[in-house]
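Here the structure is laid out as structure tokens; the discussion comes afterwards.
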Amino acid sequence: VFLALEAGILVSFAVAALDVPLRGWLLAFGAVAAFGAMTFVGIGLLVASRPRTIEGDSGLMNFVMFPMWIFSGVFFSYERFPEAALPAIRALPLTALVDALRRVMLDGAGLVGVASELAVLAAWGIAGFAIAPSLIATLSLVEQRVPAARLTEGMAFIHTGLAAGLALAPADYQQGE
């Protein structure tokens with residue numbers, strides 16, 4: 001509800017006061033915005049699964065979001081970055097969201113026209129929603145079972161195990177093909 005209201009006010013202002021064209025279908029614009037919002041809910045859930053204080057969560061969220069603000073094309077075109085950096089920049093979820101919204105609004109693209117951007121958003125959203133509950137449950141279990149004096153080592157062990165499992169999964173997948 002708030003997303004629709006906020007996006008509606010911003011787009012209406014851009015069209016009326018700034019003469020920004022709205023060439024795309026409004027429903028497609030809303031669907032992309034809602035899909036992007038859900039993606040960032042998943043990322044936020046994943047980032048917030050580890051810190052135990054609001055200050056820690058805020059710092060970690062800024063650490064995750066700051067590169068996206070700089071590189072995603074929100075403030076200036078990411079096309080000016082070195083060619084070697086562009087694939088990584090295009091893989092950022094905010095880059096995909098900004099590109100999709102621009103293509104729908106300015107170029108009149110439909111949902112099929114922004115399918116590659118929606119795939120990037122889906123990958124990030126699924127990763128956030130899939131990993132966060134396991135991480136929350138695992139870290140809570142470690143906090144309950146490990147003595148307070150050994151908690152840092154226990155958390156480091158769990159994070160190392162999760163990182164190793166995530167790193168080995170693609171190699172295992174490629175061997176199965």
Side-chain angles (χ1 to χ4, degrees), residues 1-81 85-140 162 166 169:
V1 173
F2 290 114
L3 173 66
L5 181 63
E6 186 178 334
I9 290 170
L10 287 172
V11 171
S12 297
F13 176 78
V15 170
L18 303 175
D19 210 22
V20 174
L22 178 56
R23 295 186 181 107
W25 195 32
L26 197 54
L27 196 56
F29 184 85
V32 171
F35 197 72
M38 288 307 298
T39 297
F40 281 98
V41 167
I43 293 170
L45 186 63
L46 181 60
V47 171
S49 66
R50 176 61 183 106
R52 297 293 172 226
T53 64
I54 194 71
E55 293 84 7
D57 184 45
S58 179
L60 192 55
M61 190 60 75
N62 284 331
F63 178 75
V64 169
M65 293 301 296
F66 188 74
M68 285 192 261
W69 294 332
I70 297 298
F71 298 117
S72 70
V74 171
F75 301 113
F76 48 86
S77 175
Y78 63 83
E79 298 292 335
R80 298 188 185 272
F81 286 101
L86 292 182
I89 292 171
R90 287 187 184 110
L92 293 173
L94 189 56
T95 305
L97 180 59
V98 168
D99 286 350
L101 289 172
R102 280 186 183 143
R103 290 183 58 208
V104 168
M105 188 171 182
L106 301 177
D107 298 338
L111 294 178
V112 174
V114 293
S116 61
E117 288 88 354
L118 293 177
V120 171
L121 290 171
W124 280 98
I126 290 169
F129 280 113
I131 296 170
S134 300
L135 189 59
I136 292 169
T138 302
L139 294 177
S140 296
L162 286 171
L166 289 172

Checklist entry - Under the side chain to side chain contact (heavy atoms under 4.5 Å, CB included) test, which residues partner Thr95, sequence neighbours left out? => result Ser72, Tyr78, Ile89, Leu92, Asp99
Item to check | Residues forming a side chain to side chain contact (heavy atoms under 4.5 Å, CB included) with Leu18, sequence neighbours excluded | outcome: Phe13, Val20
Item to check | Trace of the side chain to side chain contact (heavy atoms under 4.5 Å, CB included) decision for Leu94 with Phe71 | outcome: CA-CA 9 Å; Leu94 189 56; Phe71 298 117; over 6 Å; no
Which donor-acceptor pairs under 3.5 Å do the side chains of residues 55-68 make with protein atoms, sequence neighbours left out?
unit_1	atom_1	unit_2	atom_2	d
Asn62	ND2	Ser58	O	3.3

Checklist entry - Is the side chain of Trp124 donor-acceptor paired with the backbone N or O of Ala91 at a distance under 3.5 Å, no angle test? => result yes
Next on the checklist: Has Ser140 got a side-chain atom pairing as donor or acceptor with Ala137's backbone, closer than 3.5 angstrom?
Outcome noted: no
Would you tabulate the side-chain donor-acceptor contacts of residues 101-123 under 3.5 Å, counting partners in other chains and residues two or more places apart, or write 'none'?
unit_1	atom_1	unit_2	atom_2	d
Arg102	NH1	Gly73	O	3.2
Arg102	NH2	Gly73	O	2.7
Arg103	NH1	Gly113	O	2.9
Arg103	NH1	Glu117	OE1	3.3
Arg103	NH1	Glu117	OE2	3.1
Arg103	NH2	Gly113	O	2.6

Checklist entry - What side chain to side chain donor-acceptor pair (under 3.5 Å) pairs are there with at least one residue in residues 6-21, not counting sequence neighbours? => result none
Next on the checklist: According to ring-ring contact (aromatic ring centres under 6.0 Å, His included), who are the partners of Phe35, at least two apart in sequence or on a separate chain?
Outcome noted: none
Next on the checklist: I need the Phe129 CZ to Thr39 OG1 distance, nearest 0.5 Å.
Outcome noted: 8.0 Å
Checklist entry - Which heavy-atom pair separates Gly128 from Pro133 by the least distance, and what is that distance? => result O-CD, 4.3 Å
Next on the checklist: side chain to side chain contact (heavy atoms under 4.5 Å, CB included) for Val74 and Trp69? Distances and angles first, verdict last.
Outcome noted: CA-CA 6 Å; Val74 171; Trp69 294 332; 5.7 Å; no
